[in-house]
**Student:** 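Pasting in a structure now, in structure tokens, and then I'll have a few things to ask.
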Amino acid sequence: MATPSVEDYMKAIYRASQEAGQVSTQDIALQLAVSQPAVSKMLRRLVQMNLVEHTPYQGIELTEAGRKMAIEIVRHHRLLERYLVEALGYGWEQVHEEAERLEHHISEEFEQRIDLLMGHPQTCPHGDPIPTLEGQIAATVQTTLAQQKPGDFVIQRVSDRDAALLCYLKEQGLLPGTALKLEEREPFGGAFVVQVASKTVRIAPGAAAQIFVSETSGQ
Ligand SMILES: [Zn+2]
Ligand SMILES: [Zn+2]
């Protein structure tokens with residue numbers, strides 16, 4: 001990967017704060033695959049630009065201006081993914097990488113035309129919420145299938161970072177919006193056994209940890 005840009009940093013900080021609350025230099029270094037000194041150097045620049053506040057032992061926080069910038073890129077990214085799948089026929093396992101490149105280059109007009117063409121979508125193909133033009137964004141579901149006991153669930157979103165996982169999930173019909181019944185966990189840390197559309201699927205723990213679900217109240 002090329003040296004991450006200011007926008008890449010802003011998105012990485014935003015993402016880490018969604019997942020973990022408090023964000024450290026190490027989180028960002030891991031996410032962007034750069035050294036911690038490189039992150040520290042960039043953070044000083046971002047503080048000067050008034051995009052980030054960095055207090056030792058308190059972690060890294062986005063300022064209001066920083067949050068706005070990050071959300072704008074997230075909106076580009078998720079709208080682009082939608083466009084690539086629905087209008088250009090890309091596979092859902094291909095679009096994250098492509099959107100990572102394109103998100104920095106589209107104009108506001110291009111963004112609005114995609115939004116209109118796609119009918120103002122609420123989520124990207126992986127189920128992540130698309131921020132509104134005004135910067136409002138729905139809460140991202142953080143509970144995974146791997147954390148659940150038997151019951152009824154709906155897949156809300158899946159991790160978009162692993163193309164092999166996305167291919168597997170598609171084959172098994174495990175897409176956002178799909179209802180599933182978790183029947184049991186096989187003993188000794190084994191597979192999660194689920195019913196999807198009257199088919200039994202055994203999901204490995206590593207995959208279950210990347211499927212985010214919400215519980216459905218029994219009917
Ligand atoms: Zn993505
Ligand atoms: Zn996505």
Side-chain angles (χ1 to χ4, degrees), residues 1-2 4-20 23 27-28 30-34 62 67-107 110-133 135-146 153-178 206-214:
M1 177 165 149
S5 65
V6 166
E7 291 187 355
D8 291 324
Y9 272 89
M10 298 309 290
K11 213 172 58 159
I13 296 166
Y14 177 76
R15 178 170 222 161
S17 69
Q18 294 273 295
E19 284 168 7
V23 183
D27 296 331
I28 306 305
L30 274 174
Q31 216 187 120
L32 294 174
V34 294
L62 297 175
R67 187 177 177 275
K68 234 176 130 180
M69 183 188 212
I71 287 201
E72 177 68 26
I73 309 160
V74 168
R75 179 169 157 87
H76 284 184
H77 182 98
R78 293 178 182 170
L79 278 172
L80 278 163
E81 286 187 336
R82 193 85 188 201
Y83 176 67
L84 291 166
V85 167
E86 285 180 24
L88 301 186
Y90 278 73
W92 81 325
E93 75 285 0
Q94 299 175 307
V95 294
H96 177 71
E97 288 297 311
E98 198 74 84
E100 289 280 282
R101 284 189 284 273
L102 294 171
E103 66 191 14
H104 308 293
H105 304 295
I106 64 170
S107 68
F110 193 90
E111 171 204 299
Q112 282 173 42
R113 286 187 182 231
I114 294 179
D115 185 43
L116 191 65
L117 184 68
M118 299 292 108
H120 309 293
Q122 308 281 307
T123 58
C124 83
H126 315 101
D128 288 311
I130 297 175
T132 66
L133 197 54
Q136 314 281 87
I137 182 165
T140 303
V141 177
Q142 302 287 356
T143 47
T144 72
L145 181 62
F153 301 92
V154 173
I155 299 175
Q156 296 294 339
R157 66 184 188 96
V158 299
S159 170
D160 65 2
R161 280 179 263 189
D162 182 344
L165 174 79
L166 290 171
C167 289
Y168 169 79
L169 294 176
K170 189 167 198 176
E171 255 167 51
Q172 303 294 343
L174 296 164
L175 304 176
T178 304
Q210 299 190 69
I211 301 171
F212 298 84
V213 297
S214 61

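Atoms within each ligand, like the ligands themselves, are counted from 1 in listed order. Bear in mind that the values here come from a model prediction, so they are computed numbers and not experimental data.
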**Student:** Run the ring-centre check on H76 versus H105 and record whether the distance is less than 6.0 Å.
**Tutor:** no
**Student:** Out of curiosity, R82 CZ to T123 OG1, how far, rounded to the nearest 0.5 Å?
**Tutor:** 5.0 Å
**Student:** Between D8 and H104, does any side-chain donor sit less than 3.5 Å from a side-chain acceptor?
**Tutor:** yes
**Student:** Hey, can you pull the donor-acceptor pairs under 3.5 Å for the side chains in residues 136-143, sequence neighbours left out?
**Tutor:**
unit_1 : atom_1 : unit_2 : atom_2 : d
Q142   : OE1    : R157   : NH2    : 3.3
Q142   : NE2    : Q18    : O      : 3.2
T143   : OG1    : V213   : O      : 2.8

**Student:** Count, excluding waters, the protein N, O or S atoms that are closer to the Zn ion (ligand 2) than 2.8 Å.
**Tutor:** 3
**Student:** Can R75 and D115 be counted as an ion pair, charged N to O under 4.0 angstrom?
**Tutor:** yes
**Student:** Give the ring-plane orientation class for H126 versus W92, where under 30° counts as parallel, over 60° as perpendicular and anything between as tilted.
**Tutor:** parallel
